[in-house]
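Convention: sequence-line order gives letters A, B, ...; per-chain numbering from 1. Computed over heavy atoms, backbone and side chain alike; hydrogens, waters and symmetry mates excluded.
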Amino acid sequence: MHRRRANNAVDRAPFSRALLDGDTLEAARLLLGARLVRGSGFRARVGRIVEVEAYVGQDDLASHARFGRTKRNAVMFGSAGLAYVYLVYGMHYCLNVVTEEPGRPGALLVRGVEPLAGMDEMRRARVEWLAARPSRATGRSTAAERARLELAGGRIAALADASLASGPGLVCAAFSIGRSDDGTDLCDPGSDLRLETAGEDEARSIQTGSRVGIDYAPEPWLSKPWRYWIKGNAGVSGTSNSRRRAG
DNA sequence: GAACCGATTTCCT
DNA sequence: GGAAATCGGTTCT
């Protein structure tokens with residue numbers, strides 16, 4: 001028998017690898033709505049994936065796989081359902097779900113998650129992530145640094161639940177995702193970080209648009225409509241929700 | 001070995 | 001609306 005929490009955080013079935021080990025663009029639509037889960041028990045953090053971006057094969061000149069296999073992107077060439085976690089801009093982590101059969105690099109970047117449970121833990125993790133960042137000035141904990149952190153903590157405390165993980169870097173901050181999660185099997189129910197199935201009754205009004213932050217990529221890759229999000233959901237990233245780039 | 005740039009967020013003007 | 005922060009990979013010297 002299931003124990004149901006008031007906030008819709010039920011224990012669900014693990015996300016089937018079979019939904020991910022084929023075409024990445026199909027997998028993108030299937031992954032929307034799935035649960036991203038960190039930990040277990042009453043402190044578990046649970047969110048609904050509401051925005052993803054597809055990176056498909058080595059031919060995709062926007063993908064990290066475009067230069068072939070490297071130490072960083074090696075997981076992309078592995079089995080579907082693994083987590084590919086990398087650092088961007090020297091400070092933000094990004095979570096990807098590996099797709100396609102082994103040997104063919106594919107991944108879905110998780111750009112937005114709608115929090116369902118464990119929001120207090122997410123806020124704590126957001127502050128913790130800020131605190132873990134190297135101090136700008138001396139690298140030591142100065143009074144000014146502590147004051148800045150306290151201010152940021154207040155801002156995060158005041159954030160709407162829906163904004164806690166509304167961006168790729170924010171997803172990783174809110175779910176404490178970092179280098180050590182690279183290669184984790186997200187389809188293994190025993191993993192501390194994992195995927196669970198979507199609710200059956202969920203409305204799936206999916207919208208698409210071009211991918212974000214890939215200005216270096218030539219056409220036709222630059223304009224491929226390979227960003228998918230659930231229309232109108234507050235958990236999608238600012239770039240997708242803003243009016244300047246709606247696909 | 002150095003220069004350049006990125007699948008981003010935050011803070012300041 | 002714009003720039004800073006910061007590190008790892010690629011591509012030059």
Side-chain angles (χ1 to χ4, degrees), chain A residues 24-25 28 31 49 51-77 83-99 105-113 122-123 125-139 142 144-145 147-159 163-175 177-179 182 208-218 221-229 235-245 247:
Chain A
T24 303
L25 301 185
L31 188 59
I49 295 175
E51 180 182 1
V52 300
E53 237 170 44
Y55 292 86
V56 189
Q58 202 162 331
D59 298 336
D60 179 359
L61 294 184
S63 172
H64 284 178
R66 66 190 181 280
F67 298 119
R69 189 188 191 121
T70 67
K71 187 180 176 188
R72 177 174 68 158
N73 69 16
V75 177
M76 283 185 78
F77 291 76
Y84 167 43
V85 180
Y86 65 89
L87 187 67
V88 269
Y89 299 114
M91 44 188 341
H92 298 290
Y93 286 102
C94 289
L95 169 68
N96 296 253
V97 179
V98 173
T99 56
L108 293 166
L109 169 67
V110 179
R111 293 189 51 89
V113 166
M122 294 181 193
R123 288 195 169 81
R126 286 278 307 268
V127 175
E128 187 175 273
W129 180 81
L130 281 179
R133 281 198 307 178
S135 157
R136 295 178 187 178
T138 61
T142 64
E145 187 67 15
R148 191 181 70 83
L149 200 58
E150 189 157 340
L151 203 64
R155 280 203 348 272
I156 290 171
L159 272 183
S163 306
L164 286 173
S166 59
L170 298 178
V171 168
C172 287
F175 283 79
I177 296 167
R179 193 183 312 279
D182 190 41
T208 66
S210 59
R211 295 173 292 181
V212 175
I214 55 162
D215 290 345
Y216 56 87
W221 312 110
L222 181 60
S223 301
K224 292 280 188 188
W226 288 352
R227 179 165 42 102
Y228 302 78
W229 67 94
V236 308
S237 69
T239 24
S240 298
N241 257 344
S242 73
R243 48 207 172 282
R244 49 195 187 105
R245 268 199 165 246

May I have the distance from A/Leu159 (atom CG) to B/dC11 (atom P), rounded to whole angstrom? 11 Å
Between OH of A/Tyr86 and C1' of C/dT10 the distance, given in whole Å, is 16 Å
Looking across every strand, which nucleic acid part, if any, lies under 4.0 Å from A/Phe67 by heavy atom: base, sugar-phosphate, or nothing? sugar-phosphate
Could you state the CE-P distance from A/Met91 to C/dG8, rounded to the nearest angstrom? 13 Å
When you get a sec, tell me which of C/dG9, B/dT8, B/dC11 is the closest nucleotide to the side chain of A/Arg148? B/dC11
May I ask you to say what A/Ala62 touches in the nucleic acid, namely base, sugar-phosphate or nothing, with a heavy-atom cut-off under 4.0 Å? base
Which part of the nucleic acid, if any, lies within reach of A/Leu109 when heavy atoms closer than 4.0 Å are counted: base, sugar-phosphate only, or nothing? base
Tell me what A/Arg155 touches on the nucleic acid: a base, only sugar-phosphate, or nothing, going by heavy atoms under 4.0 Å. sugar-phosphate
Which nucleotide in the list C/dC7, B/dG6, C/dG9 gets nearest to the side chain of A/Leu87? C/dC7
Whole-Å distance between C/dG9 P and A/Arg69 CZ? 14 Å
Rounding to a whole Å, what distance do you find between A/Arg179:CZ and C/dC7:P? 10 Å
Between B/dG6 (P) and A/Arg211 (CZ): distance, integer Å: 15 Å
Using whole Å, what does the distance between atom C1' of nucleotide C/dG9 and atom NZ of A/Lys71 come to? 12 Å
Return the pairing partner of C/dT6 with a 3.5 Å limit on both distances, Watson-Crick or G-U wobble; otherwise return none. none
Measuring from atom NZ of A/Lys224 to atom OG of A/Ser210, what distance do you get when rounded to the nearest 0.5 angstrom? 12.5 Å
Respond yes when some side-chain nitrogen or oxygen of A/Arg66 is under 4.0 Å from OP1 or OP2 of C/dT10, and no when none is. no
To the closest 0.5 Å, what do you measure between OG1 (A/Thr99) and OH (A/Tyr55)? 12.5 Å
Atom pair distance, as rounded to whole Å: CG in A/Asn73 and P in B/dG6: 17 Å
So is A/Arg111 actually on top of A/Tyr228's ring, under 6.0 Å and inside 45° of the axis? no
Would you indicate whether the side-chain heavy atoms of A/Ile177 and A/Val85 approach each other to under 4.5 Å? yes
Output the single nucleotide from B/dC11, B/dT8, C/dT10 whose closest atom is nearest the side chain of A/Ala152. B/dC11
Look up atom CH2 in A/Trp226 and atom CG in A/Asp60, then write down how far apart they are to the nearest 0.5 Å. 5.0 Å
